[in-house]
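First listed ligand is number 1; within each ligand, the first listed atom is number 1.
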Amino acid sequence: MSFKKLPFSNQFYELGESFFSVVKPARLKNPFWLHINTEVMDLLGISIDDLKAQCGLDIFSGKSSFADQPPIAMVYSGHQFGGYNPRLGDGRAILLAQVNTEYGVRDVQLKGAGPTPYSRGADGRAVLRSSIREYLGSEAMHKLGIATTRALCLVGSEEPVMRETIETAATITRVAKTHIRFGHFEYFHYAGQPDQVKQLADYVIEQFLPEAINAADKYDQLLSMTVTNTAKLIAQWQAVGFAHGVMNTDNMSIIGETLDYGPYGFLDDYEPEFICNHTDQTGRYAFDQQPSIGLWNLSALAHALSSLISKSITREILQQYEPILIDTYASMMRKKLGFSTERKDDHKLCAGLLNLMAQDKVDYTLLFRTMCDFNTLEDASLPEDKTKATLTNNNLSIGKLFSQQEKWKTWALDYNQRLITENSSDAIRASIMKKTNPKFIARNHLLQRAIEKAETNQDDSDISTLFMLLQAPFDEHPEFDEFAKPPKNSEKYLEISCSS
Ligand code: AMP
Ligand code: MG
């Protein structure tokens with residue numbers, strides 16, 4: 001099948017030209033394949049033969065067209081680091097087409113294919129390093145069960161681009177249910193175009209809330225959907241230890257998917273104030289600020305919808321955010337700790353562990369993965385003074401991750417008691433916990449290694465290995481234990497900035 005025969009759809013296009021500009025991608029010099037995501041390829045109904053043929057490389061490096069319809073760049077605005085920027089838009093992303101799939105419509109967007117009317121003087125390119133980071137990071141999140149955009153393929157090139165130094169350009173073909181951002185609504189609201197706000201809201205409702213199309217409160221339902229999905233999303237980020245880095249409203253998806261992977265970072269050491277974006281000097285988007293920034297961003301969205309929703313209803317809907325986030329987070333942390341029931345003091349136990357991890361700078365992912373093999377000690381076998389209890393080797397090896405051994409032991413005994421109250425079986429709990437606590441995450445130092453290999457010799461081997469591991473992050477892959485290790489001190493604190 002040729003690409004042109006894919007079941008394309010053109011809903012966004014039909015909204016009309018106030019929503020986008022028609023653009024022509026700019027081809028990359030001497031492009032080459034770095035990776036293809038065959039799952040996304042299957043999702044879109046594209047065959048490997050098509051993709052691997054010259055026309056595949058031509059399309060996804062910006063040389064040839066994908067669909068009959070012309071490619072477009074969307075207009076939006078947004079609050080960046082708290083200040084309103086009235087005009088942003090797809091400065092380096094081009095919507096090639098929308099494709100009808102078995103799972104609904106998917107936007108296929110080529111990122112890094114040259115300037116658009118929204119590039120604000122920049123080159124419209126994406127450097128290889130940031131493209132690799134987005135490609136691997138988004139797939140990692142997807143396989144961790146977190147709502148996110150994905151990517152079809154990654155293409156390298158010999159096209160030079162100027163950043164702090166000369167680098168090479170790449171493209172990533174991003175695939176999402178929608179690329180509509182909070183900033184889309186802000187653009188039309190602040191431009192004094194309430195009709196377009198309504199049109200866009202109707203579009204999102206038609207796509208994602210079809211059951212509400214005829215409801216009198218459909219716009220309330222829309223805001224409520226975004227509030228709910230965003231609260232759940234950010235709870236998941238916190239539970240998995242993901243810092244987005246640039247939570248500007250133009251990077252917030254209206255359906256609550258993780259969008260625009262820039263200087264993101266998965267926590268290594270558990271450091272709640274972790275700032276992954278070197279440019280974020282005040283820590284506005286620090287890891288522990290994400291829940292409150294989520295609400296700030298939703299309030300900005302709600303303001304942009306004020307022509308459609310009354311103030312009092314808006315207030316009520318925004319109030320849903322915090323309890324949803326807290327409940328989702330609590331339930332995820334219970335799962336991470338291997339609890340199958342809910343107890344009133346679970347949050348205290350969890351906070352106790354996190355505090356100790358923060359004090360001792362314990363690796364977040366490694367600790368929870370190691371905790372899967374915790375051995376419960378029968379109450380009867382414990383001495384009267386529980387602190388004199390002897391821990392098993394498994395529990396001692398968890399303890400080795402902490403520097404304050406006594407504090408760890410005290411916590412472990414409380415944890416032990418909690419597990420005993422629900423008659424937790426070590427073997428069953430371990431197997432469930434290993435499906436919740438990943439062994440492999442997209443750690444910065446691993447991404448950096450993959451980037452350096454790709455930059456020096458066009459060597460895609462680490463990209464492939466990492467991709468394979470991140471696609472099955474809960475599996476043991478014993479021969480790849482090296483990729484599960486935290487960074488050495490020399491590999492920590494890489495400076496990742498917005499410049500990409
Ligand atoms: P970001 O922080 O990457 O989400 O980008 C913020 C805005 O800057 C968006 O409108 C981007 O499209 C735009 N932008 C970022 N990098 C470039 C670039 N190299 N060329 C053109 N526009 C860009
Ligand atoms: Mg962005």
Side-chain angles (χ1 to χ4, degrees), residues 19-21 23-26 28 62 71-96 107 109-135 137-138 148-149 151 157 159-174 176 178-188 190-191 243-265 275-281 284-285 293 297 300-301 496-500:
F19 294 88
F20 56 81
S21 301
V23 286
K24 192 174 177 313
L28 286 176
I72 58 175
M74 297 172 167
V75 64
Y76 54 81
S77 62
H79 280 85
Q80 297 184 305
F81 291 90
Y84 185 62
N85 189 330
R87 195 169 143 108
L88 294 163
D90 292 331
R92 54 165 171 174
I94 296 176
L95 183 66
L96 294 182
D107 286 9
Q109 200 192 54
L110 185 62
K111 189 167 173 183
T116 76
Y118 315 112
S119 298
R120 298 174 292 146
D123 59 10
R125 292 297 187 192
V127 294
L128 176 61
R129 79 186 135 81
S130 69
S131 306
I132 293 174
R133 286 175 54 83
E134 171 151 8
Y135 188 78
S138 61
T148 178
T149 60
S157 80
E159 182 88 32
V161 279
M162 192 60 200
R163 296 293 183 264
E164 277 95 31
T165 57
I166 294 181
E167 301 188 42
T168 54
T171 58
I172 172 172
T173 301
R174 189 156 66 177
T178 183
H179 286 90
I180 296 180
R181 302 145 191 271
F182 293 9
H184 276 82
F185 291 92
E186 292 182 285
Y187 175 79
F188 292 108
Y190 288 106
H244 180 282
V246 201
M247 286 178 70
N248 292 334
T249 56
D250 52 298
N251 291 337
M252 298 291 293
S253 150
I254 196 69
I255 55 167
E257 291 194 332
T258 315
L259 173 67
D260 278 12
Y261 290 78
Y264 71 87
I275 303 168
C276 59
N277 179 359
H278 183 60
T279 319
D280 181 11
Q281 280 163 356
R284 178 180 172 85
Y285 299 137
I293 287 292
N297 289 343
L301 171 68
I496 314 282
S497 72
C498 275
S499 150
S500 61

- prompt: Would you find a donor on one side and an acceptor on the other, under 3.5 Å apart, between the side chain of His244 and the backbone of Leu259?
  reply: yes
Counting from 1 in the order shown, the ligand 1 atoms closer than 4.0 Å to a non-hydrogen atom of Ala122 are 18 (C), 20 (N), 21 (C)
Under 4.0 Å from one or more heavy atoms of Asp260, ligand 1 contributes atoms 4 (O)
For Ser119, the side chain to side chain contact (heavy atoms under 4.5 Å, CB included) test, sequence neighbours excluded, returns Pro115, Thr116
Please check: side-chain N/O of Asn277 versus main-chain N/O of Thr279, any donor-acceptor pairing under 3.5 Å? yes
- Item | Any Gly262 heavy atom less than 4.0 Å from ligand 1 | no
*Would a distance-only check, ignoring hydrogens and angles, find a side-chain to backbone donor-acceptor pair under 3.5 Å from Arg181 to Asn251?*
no
- Query: Would you say the side chain of Asp90 lies within less than 4.5 Å of the side chain of Gln109, judging by non-hydrogen atoms?
  - Reply: yes
* Hey, is ligand 1 close enough to Gln80 that some N/O pair sits below 3.5 Å? -> no
Exercise for the section: May I ask you to check whether Asp90 has an N/O atom sitting below 3.5 Å from an N/O atom of ligand 1? Expected result: no
Please check if the side chain of Thr249 supplies one atom and the backbone of His79 the other of a donor-acceptor pair under 3.5 Å.
yes
Does some side-chain heavy atom of Ser77 sit less than 4.5 Å from a side-chain heavy atom of Tyr84?
yes
Is any side-chain heavy atom of Met252 less than 4.5 Å from a side-chain heavy atom of Leu301?
no
query: Is the closest N or O pair between Gly89 and ligand 1 shorter than 3.5 Å?
result: yes
Among Pro263, Gly183, Gly91, closest by heavy atom to atom 21 (C) of ligand 1 is Gly91
Sorted by chain and residue number, the salt bridge (Lys or Arg N to Asp or Glu O under 4.0 Å) partners of Asp123 (sequence neighbours excluded) come out as Arg163
Residues pairing under salt bridge (Lys or Arg N to Asp or Glu O under 4.0 Å) where one sits in residues 109-120, two or more places apart or in two chains, turn out to be Lys111-Glu134
Note: heavy atom closest to atom 16 (N) of ligand 1, options Arg181, Arg92, Arg120, Lys111, belongs to Arg92
Less than 3.5 Å between some nitrogen or oxygen of Gly124 and one of ligand 1, yes or no? yes
Within the 2.8 Å cut-off the protein N, O or S neighbours of the Mg ion (ligand 2) are Asn251 OD1, Asp260 OD2
In ligand 1, the atoms that come under 4.0 Å of a heavy atom of Arg163 are 19 (N)
Ser119 heavy atoms within 4.0 Å reach ligand 1 at atoms 21 (C), 22 (N)
Taking Arg284's backbone N and O only, do any of them form a donor-acceptor pair with Asp280's side chain (distance below 3.5 Å, no angle check)?
yes
Among Asn251, Val75, Val246, the residue with a heavy atom nearest to atom 1 (P) of ligand 1 is Asn251
query = Can you find a heavy atom in the side chain of Tyr135 that is under 4.5 Å from one in the side chain of Tyr261?
reply = no
